[in-house]
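Computed over heavy atoms, backbone and side chain alike; hydrogens, waters and symmetry mates excluded. No experiment lies behind these values; they were computed from the predicted model shown. In the text below, chain A, chain B and the rest are named by the order of the sequence lines, each starting its count at 1.
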Amino acid sequence: MKMRIFDTLSVSEKDVDTSSSVRIYLCGVTVYDESHIGHARTIIVFDTLRRYLESKGAKVNLVQNFTDVDDKIINRAKKENTLAETITTRYIKNYFDDFDKLNVKRADLYPKATEHITDMINLIKGLMDKGFAYTSKNGVYFSVSKFKEYGKLSKKKIDELVSGARVEVDETKKDPLDFALWKFSDESPTWESPWGNGRPGWHIECSAMSLKYLGSNFEIHGGGRDLIFPHHENEIAQSESFSGINFAKIWMHVGMVTINGEKMSKSLGNTKSIDHVLKKWGPNIIRLFCLSGHYTKPIDYSEDTLKETITKWRQVENCYYEMILSDDSKETEEIDQIKDTIHELQSEFENALDSDFDTPLAVGAFFKLVKNINQLASSEKLTKKISDVMFPAFQEMSSILGLNTIHVTDDEKNKITNLIKQRDTFRSEKKFQEADAIRKQISDMNIVLIDHKNKTLWMKQEKIGIEN
RNA sequence: GGUGAGGUGGCAGAGUGGCUAUGCGUUCGCCUGCAAAGCGAAUCUAUAGGGGUUCAAAUCCCUUCCUCACCUCCA
């Protein structure tokens with residue numbers, strides 16, 4: 001089945017062409033501070049999208065930029081009395097630390113704005129030549145009135161924007177809506193340009209880098225909803241004025257994360273850094289949380305919601321260990337029926353993702369599978385044979401969702417098995433104190449024991465910060 | 001003011017005309033030496049207010065109220 005994604009520009013779902021390479025440009029972060037849960041959501045959504053497309057056999061080319069030249073960076077550098085580069089290096093490292101922990105696969109390319117100044121200058125030159133840009137006292141500006149379709153993405157009327165009067169007042173611009181392509185400045189960081197020394201505007205970097213690496217008409221351009229205006233609107237104006245053809249085929253925008261129903265912002269002081277949420281909840285729960293609502297809608301970060309997710313995650317862990325520790329001590333029945341169930345759940349999972357990337361439904365299908373397996377285990381019916389049939393489906397879904405149960409080494413495994421044997425001996429001799437001592441010893445290794453009728457199941461549980 | 005998205009059981013969250021998902025929570029039970037986890041059963045009977053269309057509406061139309069986001073940098 002073809003995958004469909006909602007396109008902000010045409011306000012309709014569009015087919016994603018997976019027959020050739022799927023080129024995706026994702027607006028990344030400005031590296032002047034720690035990343036937060038809002039960034040995490042957008043990036044996890046795209047990571048999951050990428051994993052899904054790849055599982056369908058598509059070749060994905062994912063490019064995600066770093067904005068490493070910006071007023072915020074310069075201000076921060078001033079404040080710390082250091083170079084902008086020191087700041088950006090620190091937070092790029094910080095970015096990878098965070099997102100590696102969140103089990104986000106590396107993009108194919110992470111271009112930095114500062115390494116593409118020449119591309120931007122060439123782009124601006126082209127816009128100048130075609131009459132879309134002009135110089136003024138403060139910089140080079142894009143002339144919005146020259147681009148007739150301006151406002152088509154954000155559905156804004158140009159005259160309403162003007163009368164809104166919230167646009168910055170700058171007497172040197174021909175039109176208040178015009179935005180900077182190049183800002184004159186002699187203050188570091190600064191680069192030479194045909195028009196004067198300075199630094200690029202924010203919007204031009206994404207146009208330049210996406211055109212360079214993905215061409216003038218690629219499959220998906222993404223980012224947070226808050227980038228629709230003005231960032232993506234301006235990118236369209238620049239890119240389409242330059243190339244003369246339509247820019248991205250699909251504009252995919254991810255909803256915001258709120259905190260207890262409120263917008264998350266620095267000024268309110270309610271941002272949750274990735275470092276913070278990782279310590280509190282761990283990667284799997286954060287990923288499940290980020291995928292728990294449809295990507296177009298806002299999701300709310302609240303401890304109660306996250307706590308629920310812990311319960312769900314424990315079920316997944318339980319399920320995983322039930323499967324890998326199952327044996328063939330019993331007859332296997334109903335294997336055909338089980339295969340049918342798996343196929344049903346797999347198509348439920350795929351249909352959900354194919355229809356505008358409905359991760360909440362897909363996660364639901366995954367949990368149905370987990371429940372199914374746990375039910376079999378609970379009724380002592382989960383044999384090795386059945387596990388062998390179910391495990392690949394479980395693995396496939398977890399890997400698309402980017403979930404990772406904690407694995408154990410063979411050494412650990414042997415150690416645990418031996419300890420359990422000892423404990424069983426004590427138990428059969430009704431030496432419960434000794435048995436409990438061993439359980440304590442095992443639990444110190446983060447291993448939880450579950451006594452079934454004829455055997456003891458063990459599992460390594462992820463440590464969840466908030467539970468301690 | 002403009003634009004967009006919403007208002008569903010204690011909470012979360014599906015469902016675009018008809019048999020009212022699902023999850024969490026709660027209660028009881030199974031299992032266990034105990035525990036934990038898991039499983040089972042029960043519980044809750046909801047669709048912002050008011051009109052209308054229809055044999056039938058959470059679902060369509062009108063209207064009122066409310067919430068949120070974006071309109072300035074923002075994922």
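Separating the C1' atom of B:C60 from that of B:G17 is a span of 8 Å, rounded to the nearest Å. For the C1' atom pair drawn from B:G1 and B:A58, the interatomic distance equals 32 Å after rounding to whole Å. Distance check on atom C1': B:U54 versus B:A69 gives 36 Å, rounded to whole Å. To the nearest whole angstrom, the two C1' atoms, one in B:C24 and one in B:C70, are 32 Å apart. Going from the P atom of B:G23 to that of B:C31 covers 24 Å, rounded to whole Å. Straight-line distance between the P atoms of B:C55 and B:G13: roughly 37 Å, to the nearest whole Å. Across B:U20 and B:C44, the matching P atoms stand 15 Å from one another, rounded to whole Å. Separation of the P atoms belonging to B:U47 and B:G9 is 8 Å when rounded to the nearest angstrom.
Listed nucleotides B:A75, B:G38, B:G33 differ in distance to A:Arg314; the shortest reach to its side chain belongs to B:G38. Considering only side-chain atoms of A:Ser378, the nucleotide from B:G38, B:C70, B:G6 that sits closest is B:G38. Among the nucleotides B:C71, B:C34, B:G38, the one closest to the side chain of A:Lys156 is B:C71. Side-chain proximity of A:Thr311 to B:A75, B:A35, B:G38: nearest is B:G38. In the set B:C39, B:A75, B:C73, the nucleotide with an atom closest to the side chain of A:Lys371 is B:C39. Here the side chain of A:Pro230 is nearest to one of B:C70, B:U72, B:G33, namely B:U72. Set against B:C34, B:A75, B:U72, the side chain of A:Asp436 has B:C34 as its closest nucleotide. Closest to the A:Cys27 side chain, of the nucleotides B:A75, B:G23, B:G33, is B:A75. Taking the side chain of A:Lys72 as heavy atoms from C-beta on, and the options B:G23, B:A37, B:C73, the nearest nucleotide is B:C73. For A:Phe432, whose side chain is taken as the heavy atoms from C-beta onward, the closest listed nucleotide among B:G33, B:C73, B:A14 is B:G33.
Residue-to-nucleotide proximity on RNA chain B shows that, of A:Ser292 and A:Glu380, the 5′-proximal contact is made by A:Ser292. Remark on RNA chain B: of its neighbouring residues A:Leu449 and A:His231, the 5'-side contact belongs to A:Leu449, judged by nearest-heavy-atom nucleotide.
Counting non-hydrogen atoms under 4.0 angstrom, A:Arg423 reaches a base of the nucleic acid. If you check every strand for non-hydrogen atoms under 4.0 Å, A:His36 touches a base. Nucleic acid contact class of A:Val254 (heavy atoms, under 4.0 Å, all strands): none. Note on A:Gly38: a base of the nucleic acid sits closer than 4.0 angstrom, heavy atoms only. Using a 4.0 Å heavy-atom distance criterion, A:Ile450 is classed as a base contact. Across all strands shown, A:Lys368 has no heavy atoms under 4.0 Å from either base or sugar-phosphate atoms. Residue contacts for A:Gly28: at a heavy-atom cut-off of 4.0 Å it reaches the sugar-phosphate backbone alone, with no base atom in range.
The nearest whole Å value for the distance from the CG atom in A:Leu291 to the C1' atom in B:A75 is 15 Å. Separating the CD atom of A:Glu303 from the C1' atom of B:G25 is a distance of 17 Å, rounded to the nearest angstrom. Per the geometry, NZ belonging to A:Lys155 stands 14 Å off P belonging to B:U3, to the nearest Å. If you measure from atom CD1 of A:Ile24 to atom P of B:A75, you get 19 Å, rounded to the nearest angstrom. Atom-to-atom, CE of A:Met256 to P of B:C71 comes out at 10 Å; the value is rounded to the nearest Å. Atom CZ in A:Phe367 sits about 12 Å away from atom P in B:G23, given to the nearest Å. Rounded to whole Å, atom C1' of B:G6 lies 16 Å from atom CD1 of A:Ile299. Between the CG atom of A:Asn374 and the P atom of B:A37 there is a distance of 13 Å, rounded to whole Å.
In this structure, a donor-acceptor pair under 3.5 Å is absent between the side chains of A:Arg225 and A:Tyr295. One side chain, A:Glu205 or A:Asn65, offers a donor N or O that lies under 3.5 Å from an acceptor on the other. Under 3.5 Å, the side chains of A:Asp300 and A:Thr258 contain a donor-acceptor pair of N or O atoms. Counted by atom type alone, A:Asp7 and A:Ser10 present one or more donor-acceptor pairs between their side chains at under 3.5 Å.
Partner assigned to B:G25 is B:U43, using Watson-Crick or G-U wobble distances below 3.5 angstrom. Using Watson-Crick or G-U wobble geometry with both donor-acceptor distances under 3.5 Å, B:A37 finds no partner in any strand shown. Pairing for B:C31 is absent, judged as Watson-Crick or G-U wobble with the two contacts each under 3.5 Å. Under the Watson-Crick or G-U wobble criterion, with both distances below 3.5 Å, B:A5 is paired with B:U67. Shown here, B:A14 forms no base pair; nothing in the strands shown gives a Watson-Crick or G-U wobble contact with both key distances under 3.5 Å.
Ring centroid separation for the pair A:Phe6 and A:Phe357 does not come in under the 6.0 Å cut-off. A distance of 6.0 Å or more separates the ring centres of A:Tyr301 and A:His36. With ring centers used as reference points, A:Phe96 lies under 6.0 Å from A:Tyr110.
Note on A:Gln315: a side-chain N or O is less than 4.0 Å away from OP1 or OP2 of B:C24.
A donor-acceptor contact under 3.5 Å links the side chain of A:Asp451 to the base of B:A35. For B:C34, the base has a donor-acceptor partner in the side chain of A:Arg439 [N/O atoms by modelled type, under 3.5 angstrom].
Within the structure, ring pair (Phe, Tyr, Trp, His ring centres under 6.0 Å) contacts touching residues 424-459 of chain A (residues at least two apart or in different chains) are A:Tyr321-A:Trp458.
Side-chain N or O atoms of A:Glu13 include none that pairs as donor or acceptor with a backbone N or O of A:Ser355 at under 3.5 Å.
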